[in-house]
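Following: one structure in structure tokens, then a few remarks.
Values below: all heavy atoms of this structure, side chains included; hydrogens, waters and symmetry mates excluded. Because the structure is a prediction, the values reported are computed rather than measured.
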Amino acid sequence: MQLGLVSAILDGWDLDGVLSVLKREGLTCMEAACWPQGKAERRYAGVSHIDCERVLTDAAYKDEVLGKLDSSGIALSALAFYPNTLDGDLEKRAANIAHLKTVIKAASVLGAGRVGTFIGRVSDRNLEDNLEEVKKVWPDILKLAEDQGVQIAIENCPMLFGPEQWPGGQNIMTSPANWERVFEILPSKNLGLNFDPSHFVWQQMDYIKAVYDFKDKIFHVHFKDIKLLPDKLARVGIMAYPLDFMAPKIPGLGDVNWSKFVSALTDIGYNGPACIELEDRAFEGSKERVLQSITLSTRYMRNFVI
């Protein structure tokens with residue numbers, strides 16, 4: 001496995017700064033945040049360390065990015081853009097899909113070969129209706145990915161945290177049952193998973209069994225942790241906003257059993273990228289705290305990934 005970092009946590013750093021941080025920590029790859037320029041919609045969204053539109057239109061900029069990556073020794077594990085491609089607002093949906101296609105093309109040009117994203121969801125409609133939307137929207141996106149030689153790695157985050165995503169969240173590929181239904185609808189060899197075990201913790205699902213069951217569909221891995229808060233869960237119940245009973249943590253400070261998870265990945269022969277993803281509010285007070293979270297997370301995950 002190649003140990004890396006999801007760059008979105010380094011908001012405020014330019015590409016040179018991001019690469020410097022990764023190199024200092026001995027990390028070998030990154031999932032580079034590639035949101036549209038200046039269009040932040042939520043925490044960790046809107047960060048852009050590579051301008052994908054410029055990659056496609058400005059040869060000098062493309063060469064500059066490739067040169068910086070080459071000189072740093074840091075590989076691109078994926079380009080990251082996590083919008084709602086099934087947004088109920090059709091204008092937003094179209095804009096999200098258009099930029100996703102730009103990111104796919106940029107991934108091909110930069111040799112990344114992979115894009116991390118969500119499948120999306122119309123949040124106030126049921127699963128069955130959303131699967132019909134998947135049939136309409138995603139074949140065209142996947143055709144482009146296939147033509148560009150790019151894998152699409154769907155993260156299993158429900159994108160359901162508070163009232164702004166209520167009631168259904170913004171991503172239907174959240175569980176093995178839903179994965180099966182989407183893969184049946186979209187039988188593309190270029191569609192797979194960006195597997196994050198932390199989301200299984202608060203949904204109370206088995207992330208170890210899922211590794212074995214979907215071994216051929218795991219294209220990329222996120223090392224993010226979550227701490228379930230049993231006292232709060234006992235008070236609010238599973239129908240509450242998820243952030244009312246859980247909290248994202250850096251790896252090792254939450255409830256993911258990393259030894260079992262990485263052991264399962266080695267069992268299936270996974271040797272792809274595994275990027276640390278950080279969303280721990282306890283480490284967000286300053287740039288120094290952010291850097292500490294990267295150092296601590298890297299040090300901890302080195303127990304499992306050399």
Side-chain angles (χ1 to χ4, degrees), residues 4-9 31-35 40-47 77-87 96 100 103 114-123 127 130 134 138 151-183 191-207 210-211 214 217-228 238 240-251 254-256 258 261 273-281 297:
L5 180 73
V6 180
S7 76
I9 191 62
E31 184 178 355
C34 293
W35 287 75
E41 296 179 357
R42 62 178 189 269
R43 294 175 74 228
Y44 315 109
V47 183
S77 67
L79 301 187
F81 177 49
Y82 291 89
N84 187 355
T85 58
L86 302 183
D87 200 300
N96 288 339
L100 178 58
V103 175
R114 195 177 293 109
V115 168
T117 192
F118 294 137
I119 209 81
R121 179 168 190 152
V122 185
S123 65
L127 174 63
N130 272 281
V134 169
W138 271 89
Q151 292 181 326
I152 302 296
I154 304 293
E155 188 188 348
N156 51 291
C157 176
M159 282 310 299
L160 173 58
F161 298 111
E164 61 273 16
Q165 298 102 14
W166 201 258
Q170 297 178 352
N171 183 33
I172 63 171
M173 281 192 71
T174 59
S175 66
N178 288 6
W179 296 347
E180 288 172 351
R181 296 184 75 170
V182 172
F183 288 141
L191 181 66
L193 300 169
N194 194 349
F195 191 19
D196 183 336
S198 70
H199 301 299
F200 274 48
V201 171
W202 67 268
Q203 293 183 91
Q204 301 179 57
M205 296 187 295
D206 187 344
Y207 52 88
V211 170
F214 292 87
K217 283 294 190 178
I218 299 176
F219 292 171
H220 196 282
V221 170
H222 278 173
F223 286 161
K224 186 175 74 177
D225 218 334
I226 273 182
K227 180 167 64 176
L228 198 62
I238 61 170
Y241 301 132
L243 281 176
D244 287 348
F245 59 84
M246 63 85 164
K249 300 299 295 179
I250 68 172
D255 295 331
V256 174
W258 291 105
F261 181 65
C275 287
I276 296 165
E277 184 182 19
L278 301 173
E279 297 181 356
D280 191 333
R281 288 182 183 271
S297 300

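- Classified by interplanar angle (parallel below 30°, tilted 30° to 60°, perpendicular above 60°), the ring pair Phe223/Phe261 is perpendicular.
- Here the CD-CD distance, from Glu277 to Glu155, works out to 5.0 Å after rounding to the nearest 0.5 Å.
- Every residue two or more places apart in sequence or in another chain was checked for a side chain to side chain donor-acceptor pair (under 3.5 Å) with Thr117, and none qualifies.
- Nearest heavy atoms, Pro251 versus Trp258: CA-NE1, 4.0 Å.
- Applying the side chain to side chain donor-acceptor pair (under 3.5 Å) test to Trp138 and every residue at least two apart in sequence or in another chain returns Thr85.
- Inter-residue side-chain proximity for Arg181 and Leu127 is flagged as met; some heavy-atom pair is nearer than 4.5 Å.
- Here Ile238 contributes atom CD1 and Trp202 contributes atom CH2; the two are 10.5 Å apart, rounded to the nearest 0.5 Å.
- Every pair passing salt bridge (Lys or Arg N to Asp or Glu O under 4.0 Å) that includes a residue from residues 195-207 is listed here, sequence neighbours excluded: Asp196-Lys224.
- Between the CG atom in Leu100 and the SG atom in Cys34 there is a gap of 11.0 Å [rounded to 0.5 Å].
- When the ring-ring contact (aromatic ring centres under 6.0 Å, His included) test is applied to Phe200, the partners found at least two apart in sequence or on another chain are Trp179, Phe195.
- Residues satisfying the side-chain contact (heavy atoms from CB on, under 4.5 Å) criterion with Ala33, sequence neighbours excluded, are Ser7, Ala8, Val47, His49.
- Under the 3.5 Å distance criterion, with hydrogens and angles disregarded, no donor-acceptor pair is assigned to the side chains of Asn156 and Tyr207.
- Of all heavy-atom pairs between Pro248 and Leu243, the closest is CD-CD2, 4.1 Å.
- With rounding to the nearest 0.5 Å, the separation of CZ in Phe118 from CE in Met173 is 11.5 Å.
- The minimum heavy-atom distance between Met205 and Pro176, with the atom names listed, is SD-CD, 4.1 Å.
- The backbone N or O of Gly120 sits nowhere less than 3.5 Å from a side-chain atom of Asn84 that would complete a donor-acceptor pair.
- Every residue two or more places apart in sequence or in another chain was checked for a salt bridge (charged side-chain N to carboxylate O under 4.0 Å, His left out) with Asp225, and none qualifies.
- The two residues Gln170 and Glu164 have their closest heavy-atom pair at NE2-O, 4.4 Å.
- Residues Phe81 and Val103 approach most closely at CB-CG2, 4.1 Å, considering heavy atoms.
- Remark: Phe161 engages no residue in a ring-ring contact (aromatic ring centres under 6.0 Å, His included) (not counting sequence neighbours).
- Side-chain atoms of Asp280 come within 3.5 Å of backbone atoms of Ile250 as a donor-acceptor pair (strictly under, hydrogens ignored).
- Counting non-hydrogen atoms of neighbouring residues, nucleotides and ligands closer than 6.0 angstrom, the NZ atom of Lys227 reaches no more than 12 such neighbours.
- Side-chain contact between Thr174 and His199: absent, with no pair of heavy atoms (C-beta onward) separated by less than 4.5 Å.
- For Asn171 (side chain) and Cys157 (main-chain N/O), a donor-acceptor pair under 3.5 Å exists by modelled atom type.
- With hydrogens and angles ignored, the 3.5 Å screen pairs a side-chain donor or acceptor of Asp255 with a backbone N or O of Leu228.
- Distance check: Asp87 CG to Ser123 OG gives 7.5 Å after rounding to the nearest 0.5 Å.
- In this structure, CD1 in Ile119 is found 4.0 Å from CD1 in Ile154, a value given to the nearest 0.5 Å.
- Considering every non-hydrogen atom in both Val182 and Leu191, the closest pair reads CG1-CD2, 4.3 Å.
- Applying the side-chain contact (heavy atoms from CB on, under 4.5 Å) rule to Arg114 yields the partners Ala78, Gln151, Ala153, Phe219, His220, Pro273; only residues at least two apart in sequence or on another chain are considered.
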